[in-house]
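A quick write-up on the structure given underneath.
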There are 2 protein chains.
Amino acid sequence: MDASSKEERIRDFKRICRERGERFTVQRRIILETVLGLDNHPSADRIYDAVESRLPGIARTTVYRTLEHLVRTGIITKACHPGRVARYDPRTEIHHHLVCLDCNEFIDFEDDGLNQLRIPDTSAFNFDVSDYRVQLRGLCQHCKKTREKEDSK
Amino acid sequence: MDASSKEERIRDFKRICRERGERFTVQRRIILETVLGLDNHPSADRIYDAVESRLPGIARTTVYRTLEHLVRTGIITKACHPGRVARYDPRTEIHHHLVCLDCNEFIDFEDDGLNQLRIPDTSAFNFDVSDYRVQLRGLCQHCKKTREKEDSK
DNA sequence: TTAAGTGCAAAAGCTTTGCGGGTAG
DNA sequence: CTACCCGCAAAGCTTTTGCACTTAA
């Protein structure tokens, strides 16, 4: 990510913290800066390592808590990564998923339109596509209600 | 899943085991039967509970090992669920992923066509979609080579 | 000043590994 | 018979929690 848009993201984050009465700490700033500089969908552990070299002695807990905080504020997202995930799916035919960004609920979803996508050319990566899934990301029924309650406070 | 296609999947599994010189054990059969009867992308733990009630005393380890075995044989798949061992993504704008079914590699992928999908109606689930991602699943460069080597043995 | 955040330590949750004994083919 | 698989126990790795101390605003 180029330096100027990085700066911008950090300013955005600072503003949001202020608006919500949350603190813009050194730890949070460095963790955000670090994540914006890493690619390949880093795990919490990899982020911790990178952060620790800039802020020796930072607690793992702080990194975990801050990452979840960044996701809640919408500055970064969680990737739906299949590693070590331990969710199995007996359905091998094409189907899609609704994924709740709040509670991670994962609902099967059928749609003829989505079943007929033209598979794009992936030869630049020398990658053979066998099938695909679409993840529709958003808010489930339940989390929508919870938010409405909170907002009306 | 209806009973006849379940039977068929189990027969397929038995055949594949034979072909590969692997054992078709009671444990493997019951675990497969059980997974085919569960929905909602069960976790290993939920599968273990269901299996344990049919085969009291079965070891957790066996369930874990068998599930991975079923994935390797292609009878079931792993869902890309945003659960444990979180992966974070600094990119919040729309983009997609190539997902290797062998090694779980997860590669950013851009495609204008995929960026312009019509978001289908999800009101039946009372679910609010904010964005989406397409996962193109298949074999990465590296695993393709590995397979070619193995196949030529 | 004070509510929010951090560090520490411990627990909790999930998965893998090594090994001796058991069993399908 | 024997290679493959199972159960057990222990370790390993990732994440969460409770609490006292620190700090941004």
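In what follows, chains carry the letters A, B, and so on, assigned in the order in which the sequence lines appear, proteins first and then strands, with residues in each chain numbered from 1.
Under the salt bridge (Lys or Arg N to Asp or Glu O under 4.0 Å) criterion, B/D128 pairs with A/K144, not counting sequence neighbours. Judged as a side chain to side chain contact (heavy atoms under 4.5 Å, CB included), and not counting sequence neighbours, the contacts of A/T122 are A/F127, A/V129, B/L98, B/F109, B/L136. Contacts of A/S123 classified as side chain to side chain contact (heavy atoms under 4.5 Å, CB included), with partners at least two apart in sequence or in another chain: A/D121. By the salt bridge (Lys or Arg N to Asp or Glu O under 4.0 Å) test, A/R23 is found to be paired with no residue, residues two or more places apart in sequence or in another chain being considered. The salt bridge (Lys or Arg N to Asp or Glu O under 4.0 Å) check on B/R9 picks up nothing, with sequence neighbours excluded. With sequence neighbours excluded, the residues that form a side chain to side chain contact (heavy atoms under 4.5 Å, CB included) with A/E8 are A/R11. Not counting sequence neighbours, the partners of B/E93 by the side chain to side chain contact (heavy atoms under 4.5 Å, CB included) test are B/R91. Judged as a salt bridge (Lys or Arg N to Asp or Glu O under 4.0 Å), and not counting sequence neighbours, the contacts of B/E68 are B/K78.
A/H41 and B/H95 have parallel rings, their planes meeting at less than 30° on a 0 to 90° scale where 60° marks the start of perpendicular.
Residue pairs meeting the salt bridge (Lys or Arg N to Asp or Glu O under 4.0 Å) criterion with at least one partner in residues 52-64 of chain A, sequence neighbours excluded, are A/E33-A/R54, A/D45-A/R60.
A/D45 has its CG atom 13 Å from the C1' atom of D/dG12, to the nearest Å. Atom CZ of A/R46 and atom P of D/dC13 are 18 Å apart (whole Å). Taking atom CZ on A/R29 and atom C1' on D/dA25, their separation rounds to 17 Å, with Å as the unit. Distance, A/Y48 OH to D/dC13 C1': 15 Å, rounded to whole Å. Straight-line distance from the CD1 atom of B/I30 to the P atom of C/dA24: 13 Å, rounded to whole Å. Computed from coordinates, the B/E68 CD to D/dC6 P distance equals 14 Å when rounded to whole Å. The interatomic distance linking B/I31 (CD1) with D/dC5 (C1') rounds to 11 Å, in whole Å. Remark: P of D/dA11 and CZ of B/R60 are 19 Å apart, rounded to the nearest angstrom.
One end of the helix from C/dT1-D/dA25 to C/dG25-D/dC1 points its axis 50° away from the other end's axis, with each axis taken from 5 pairs and the angle rounded to 10°.
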Report task. For each nucleotide in nucleotides 6-12 of chain C, reading 5' to 3', give B when a protein heavy atom comes within less than 4.0 Å of its base, S when such contact involves only the sugar-phosphate, and - otherwise. Result -> BBBB---

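Under 4.0 angstrom from either OP1 or OP2 of D/dT15 there lies at least one side-chain N or O belonging to A/Y64.
In this structure, the side chain of A/T66 does not engage the main chain of A/V63 through any donor-acceptor pair within 3.5 Å.
Listed by residue number, the members of residues 10-23 of chain B with any heavy atom below 4.0 angstrom from DNA chain D are B/G21, B/E22, B/R23.
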